[in-house]
There are 2 protein chains.
Amino acid sequence: MPKKTTADVPLQLRSQLCFAVYSTAHAFNRVYKPLLDRLGLTYPQYLVMLVLWERDGLSVKEIGERLFLDSGTLTPLLKRMEALHLLKRTRSAQDERQVLVTLSAQGSALREKARAIVPPAILDAMGCSIAELADLHGKLVKLRERLDAAVEG
Amino acid sequence: MPKKTTADVPLQLRSQLCFAVYSTAHAFNRVYKPLLDRLGLTYPQYLVMLVLWERDGLSVKEIGERLFLDSGTLTPLLKRMEALHLLKRTRSAQDERQVLVTLSAQGSALREKARAIVPPAILDAMGCSIAELADLHGKLVKLRERLDAAVEG
DNA sequence: CGCAATTAGATTGCACACAATATAATTGTT
DNA sequence: AACAATTATATTGTGTGCAATCTAATTGCG
């Protein structure tokens with residue numbers, strides 16, 4: 001039988017924070033999927049809707065900054081959402097390089113349905129207190145910031 | 001100007017734990033990418049290697065249980081890794097339905113290179129103490145378990 | 001003003017992720 | 001033993017993610 005030494009620990013799957021984050025993201029997605037199916041959205045599409053429900057008429061770049069996604073991901077995603085009549089993409093008159101994204105009436109209206117369906121079910125599935133939730137959220141945001149900083153430098 | 005009420009909170013992107021997890025996973029991937037490029041691996045491929053370095057000769061199903069991935073993801077991933085001569089896929093003689101995955105000499109040897117390159121750089125990028133790391137890890141694993149349980153029931 | 005540098009999106013190519021489905025092997029039941 | 005049910009993997013189709021590259025519009029600098 002293989003013996004374990006401290007040298008093994010850094011390469012053990014179970015102890016890796018990154019894998020915990022990666023697999024928890026997938027677990028979240030599996031919980032969101034049946035809920036978002038009822039809205040006709042995927043999870044990344046739902047994120048775009050959250051951004052636009054907070055502030056409509058943003059450019060692709062501004063959406064990307066909020067979601068940490070680039071045009072290679074957003075352009076086809078937004079085109080699919082336009083085909084679903086959730087939003088419209090129009091070139092800015094002031095700066096023809098920019099594409100402004102605005103919600104359709106249908107896209108705006110979806111907000112109330114989302115509010116009724118998604119947050120309650122997610123809170124239930126997470127099964128933790130608001131305090132735990134805030135604690136974990138804060139620590140993850142700090143970690144994300146340190147990781148982003150490490151990529152820059 | 002739009003007024004904010006408590007009813008808005010559950011639909012605000014910035015406060016969502018799921019988005020914190022989702023975006024932190026991407027941030028991790030951006031840190032891992034240049035490191036794993038030096039090993040010729042993607043992050044999911046690296047995860048498979050971690051599993052096999054711990055126990056070689058597992059079936060596709062057993063790898064999937066450890067990584068929370070299904071055959072639709074693993075089959076092409078493992079085929080690419082076989083094409084890279086990192087591992088071999090062979091039908092089990094005892095049960096012809098199973099495909100057993102075993103490391104090549106090259107795949108086994110990659111472990112020492114990975115150990116030298118990856119964990120030190122990741123620890124540095126995360127920039128947190130072992131205690132913080134363990135705290136966050138434990139909380140995420142518990143959360144993942146609750147989410148998985150919610151999908152079952 | 002004129003042109004190089006920058007910026008915003010779009011495109012292409014590759015690699016996941018996963019639902020749905022298909023196929024082949026094995027097990028369980030009678 | 002026969003056959004229905006289960007199990008392990010493979011396949012197909014859709015939708016992300018992201019690097020690399022391309023094009024068009026704008027800005028900045030001499």
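Quantities reported herein were computed from a predicted structural model and do not represent experimental measurements. By convention in this document, chain letters (A, B, ...) are assigned in the order of the sequence lines, proteins followed by strands, and residues within each chain are numbered from 1.
- For the pair B/L69 CG and D/dA8 C1', the interatomic distance rounds to 16 Å; values are reported in whole Å.
- For A/D95, the side-chain atoms get nearest to D/dT26 when compared with the rest of D/dA19, D/dT26, D/dT9.
- The residue among A/R30 and A/L74 whose nearest nucleotide of DNA chain C is located toward the 5' end is A/L74.
- Residue A/D37 contributes atom CG, which lies 12 Å from atom C1' of C/dC18 at whole-angstrom precision.
- Which of D/dA19, D/dT9, C/dC16 sits closest to the side chain of A/D70 comes down to D/dA19.
- In this entry the distance linking CD of A/Q98 with P of D/dT27 reads 10 Å, nearest Å.
- Judged by atom type and distance alone, B/R97 does not reach the base of C/dT26 through any side-chain donor-acceptor pair under 3.5 Å.
- Considering only side-chain atoms of B/K79, the nucleotide from D/dT16, C/dT11, D/dA10 that sits closest is D/dA10.
- Across all strands, B/E62 comes closer than 4.0 Å to no nucleic acid atom at all (heavy-atom distances).
- Between B/R91 atom CZ and D/dA8 atom C1' there is a gap of 8 Å when expressed in whole angstrom units.
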The test is ring pair (Phe, Tyr, Trp, His ring centres under 6.0 Å); show your working for B/Y43 and B/F28 and say whether it passes.
CA-CA 10 Å; B/Y43 183 68; B/F28 257 123; 8.1 Å; no
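- When distances are taken from the side chain of A/H26 to each of C/dT11, C/dC16, C/dC18, the shortest belongs to C/dC18.
- For the pair A/L77 CG and C/dA10 C1', the interatomic distance rounds to 14 Å; values are reported in whole Å.
- Among the atoms of the strands shown, only primed sugar atoms or phosphate atoms (P, OP1, OP2) are found under 4.0 Å from some heavy atom of A/T42.
- If B/Y22 and B/T75 are placed on DNA chain D by their nearest nucleotide, the residue sitting closer to the 5' end is B/T75.
- For the residue pair B/S59 / B/E62, a side-chain donor-acceptor distance below 3.5 Å is found, with atom types taken as modelled.
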